[in-house]
Structure formats: C-alpha cells, structure tokens
Student: 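This is the structure I want to talk about, given as structure tokens.
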Protein chains: 2
Amino acid sequence: MKTEKISEAVVRRLPIYLRYLNSLAMKNVMTVSSQELGQKLDLNPAQIRKDLAYFGEFGKKGIGYDVGYLIEKIRQILKLDRHIPVALVGAGNLGRALCNYNIYLREEMKIVAVFDASPGKWGETMGNLTVQPMSELAETIRRLGVRIGIITVPAMEAQNVANSFVAAGIEAVLNFAPVIIKVPNEVRVHHADFTAELQSLAYYLD
Amino acid sequence: MKTEKISEAVVRRLPIYLRYLNSLAMKNVMTVSSQELGQKLDLNPAQIRKDLAYFGEFGKKGIGYDVGYLIEKIRQILKLDRHIPVALVGAGNLGRALCNYNIYLREEMKIVAVFDASPGKWGETMGNLTVQPMSELAETIRRLGVRIGIITVPAMEAQNVANSFVAAGIEAVLNFAPVIIKVPNEVRVHHADFTAELQSLAYYLD
DNA sequence: TAGATTGTTAATCGATTAACAATC
DNA sequence: TAGATTGTTAATCGATTAACAATC
C-alpha cells in the first residue's frame, strides 16, 4: 500500500465497488474488468483502475480482477474486516428505518444501541434493540466499544447529540439532521442530507 | 443571470445556503456576509461569493447580503418558488419516515402520492397519504403533475420502479436503494446512499 | 502468438482559493 | 472618510481521463 494521501472521492467510491462485487460473487462470477465495472457503475474504467491502484496491484493484466480477492481487499481497506459497533440517537421513523436496515449491513458494522431523549420512547423496541435514555449513552458506548454514531434527531438537537457523542469518545458521525454540526478535527462527520438532495434535484427540472 | 454552465457542486451547495438563511430569517437577522456564512457552514467565503455570483449580483459591497432577498433569489434558482409534486414508491420504514418528513419540506415541494407493490400495504396511511397500488402509478402521476420520484424499495426492485417512473414521464429521481439505477439522459438521478456513507466513514477510523 | 486488460504517466479538465479593485 | 465586503480575475490545487508500455 502506498502512503500517498487518498482523496475523499476515492474513498466514497470504494463502497460502491464493494457492493457491485458482492452482487457478482453471489452470481458466482469469478473475474471482472474495469471496463465492465465502469459500465455497470457509470464510472470511467481508468478511474476505477487508478482508485484501486492507490492501495495495491489487485488485478492481472489481460485478465481483470478476481472478484473474491478484490472484495477481500476493499473490505480490508475500508476496515470492514473487523467488528465496528454503531450507536444511533433519535428513535423516530428514520431511526427505526435504519435499525431495521441493520440486516442489510453486514455483521461487522451494526447498530448496537439506540437512544432517545424523550421518556415516551424508552423501552420501545426498534429492530432487535431497545431504546435507552440519553443518560445511559456514555456508559453504553464505552461498554460496547461503539466507534461510530448516527444522528437522526431534529435539527435543533443535532449539535447537542454530536457533543454527547464526542464526549463519549466516538470517532465518526453520520448526521441525518438538516444542519451542519461542528466537531473536533479528529472526529469525522458525513452528512446524509436528503432534503438538500431533493432541493438540488429541482434545479434540473426544465 | 449568466449563461455559463453551473457545476453540480455549486447546485448542491445552494440548498445548504438556503437552509441557513432561513434560520437567520427566523431570528430576524437582516444581513449576512460571506464570511459569516462560511464560518457557519464550514465553507470558504470566496467560494460562497463565487457560487452566488454565477446567478447575479445579490450582495452589496461593504455590507453583505440581504437575507430575505437572497432567500428569494436562491428559491428562484432552485425552482422552489413553484409547486413541485413528488411521488414515492416503497411504503416501508424509510418511505414512512420521508412521508412524515413532509411537514419539514416547504409547501412547494411535497410528497403527494405513495405507492407499493405489495397488496398488504394498500390503503395504509403514511403521513397524510394513502398507499396506492403500483397499477395506479402512471395515471396518478399524470393527474397530479408529479415531476420528481423517490425510490425507497429494496435494491432488487429499484430499477423496475425507475423504469415505471420514466415511463410515466417523471423528470428526476431520488434513489435510496443501494444500487446504481439507469435512466435516459434527460432524467436526472441523485443517489441517497447511506450504507455507502457509513462504510466510507469506517475508512477514517484509526 | 494474438487479444485483452492492467498499472501508471502525462494531459486535460474543473473546482477551490487568494488577492484585490470597486464601492457601499 | 475609514472600514468592510462584494464580485471577479488569476493562481493554485486536485481530480478525471487518455494513452500506452507491460504482461497475462
């Protein structure tokens, strides 16, 4: 593996590759070329080869990439080869949807705890989990070794939740609330902002 | 307005600006500088000025931007100054979350119809809507003038739903299914892919 | 061998940032 | 006027794509 800095754009494409490769593996396809990957994923084959080459020489000239081997490699790169516990705050409809989605996430990256601020939610079942009060957040996160936090609360409360996550030692946050949250530099935040996504779509209407 | 081609990155930032401007308006703030916007939104002030300048001269030198005026302008640019009906297919937890989110979306961009393939869902209430069978999709979309479609079905069915949307004359699609869908060039697709988002987060863990 | 496809360099393209004259 | 901040040009930075030697 080279020590060159990997751009965010590259890292964002790796899960896309991984997902399609998994679907190939399920169909018992053994080998795939950058050409075919590019076609299926709407990407330039040269870009795919370059992306993968940042991390090693995974392909065979004249042949392509071994599907199983490439899956293994990308999983290592994304650190999906180890168990990564995730916690979620905000037991509304979206939180529920994500918890039920748990089955689709592989074993190694799973929501292991759900919290909500309102007493009415405590004890409620979401997926295979029970909603806990916020007061138990720090202790639970430490006990379960949670490393990633998901925020599905209203915009008003998102920053507070982020602060709690950071205080509890979480390393990365996926924020679904429609607001920009601030965290220390060493914590990574991704925004999943479907309102913005929808609004920017409108621009392209005639 | 200049006729220069506007990049996707610029268009994606406009809803972010709009949202923060709305929060300022609610606090009766009259004026804002690119400097302050940049601080709050984690963006470079020069970038914000450049983004806005693509569409016109909205600011006042030495003063900044009038909040109300800028809101109005961005809404016009994003075409959010007109009524844009949206349809959703997939009455699961995620679909329900989005329908209930309807209140947060302004009047002008609203989910007006929900569909599902499974008879068990038909007639169910989601937000203020009733789940309809897929057989009614084309007629309903035409009758209500739906222009944007949201896909919240499992990956396996996403392409079929996209095809139905396209056949019914939809102009843009927001796809939540974890799969790349193919549509004609004139149809715009955005992917809201939180599984990929979550997996790429893992890369940044130590 | 001939054909296919990688890994990588060079070329291109595009987006971000810095700088500053204009001006409120 | 002095200070602030825009709009815009130029400089920088980064990402994508094309091309091709290496080689399976």
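Each chain gets a letter, A, B and so on, in the order the sequences are listed, and its residues count up from 1.
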Student: Contact class for A/Gln47 (heavy atom, under 4.0 Å): base, sugar-phosphate, or nothing?
Tutor: base
Student: Using Watson-Crick or G-U wobble geometry with both distances below 3.5 Å, tell me the partner of D/dA21, or none.
Tutor: C/dT6
Student: Can any side-chain N or O of B/Lys73 pair as donor or acceptor with the backbone N or O of B/Phe58 at less than 3.5 Å?
Tutor: no
Student: Specify the separation, in whole Å, of atom CG of A/Asp42 and atom P of D/dT16.
Tutor: 15 Å
Student: Please figure out whether B/Gly59 or A/Arg13 has its closest DNA chain D nucleotide nearer the 5' end.
Tutor: B/Gly59
Student: From D/dT8, C/dT5, C/dT8, pick the nucleotide closest to the side chain of A/Ser33?
Tutor: C/dT5
Student: Which nucleotide in the list D/dC24, D/dT9, D/dT6 gets nearest to the side chain of B/Ser34?
Tutor: D/dT6
Student: Locate the shortest heavy-atom distance separating A/Ala25 from A/Ile71; write the atom from each residue and the value.
Tutor: CB-CD1, 3.8 Å
Student: Sort out the partner of D/dA15 for me: Watson-Crick or G-U wobble, both distances under 3.5 Å, none otherwise.
Tutor: C/dT12
Student: Taking atom C1' of D/dT5 as reference, at what distance in whole Å does atom CE of B/Met30 sit?
Tutor: 19 Å
Student: Between B/Leu70 (CG) and D/dT5 (P), how many Å, whole number?
Tutor: 16 Å
Student: C/dG7, C/dT17, D/dT6: which one has an atom nearest the side-chain heavy atoms of A/Glu57?
Tutor: C/dG7
Student: If you only use heavy atoms from C-beta on, which nucleotide in C/dT9, C/dA19, D/dA19 is closest to the side chain of A/Ala46?
Tutor: D/dA19
Student: Of the options C/dT5, D/dT6, D/dT16, whose atoms approach the side-chain atoms of B/Tyr65 most closely?
Tutor: D/dT6
Student: Could you check how far NZ of A/Lys50 sits from C1' of C/dT5, rounded to whole Å?
Tutor: 18 Å
Student: Measure CG/A/Asp66 against P/C/dT6 and give the value in whole Å, please.
Tutor: 13 Å
Student: CG of B/Asn44 versus C1' of D/dC13: gap in Å, rounded?
Tutor: 13 Å
Student: Are the side chain of B/Asp116 and the backbone N or O of B/Lys121 linked by a donor-acceptor pair below 3.5 Å?
Tutor: no
Student: Can you identify which nucleotide, out of C/dT6, D/dT9, D/dA15, has its nearest atom closest to the A/Ser7 side chain?
Tutor: D/dA15
Student: Does A/Phe176 offer a backbone N or O that forms a donor-acceptor pair with the side chain of A/Thr152 under 3.5 Å?
Tutor: no
Student: Side chain of A/Arg49 only, heavy atoms from C-beta on: which candidate in D/dA10, D/dT17, C/dT6 is closest?
Tutor: C/dT6
Student: Assess, by modelled atom type and distance only, whether the side chains of B/Asn163 and B/Gln159 contain a donor and an acceptor separated by less than 3.5 Å.
Tutor: yes
Student: What is the separation between atom NZ on A/Lys61 and atom P on C/dT6, rounded to the nearest whole Å?
Tutor: 10 Å
Student: Give the rounded distance in Å between these two atoms: NZ of A/Lys5 and P of D/dG14.
Tutor: 7 Å
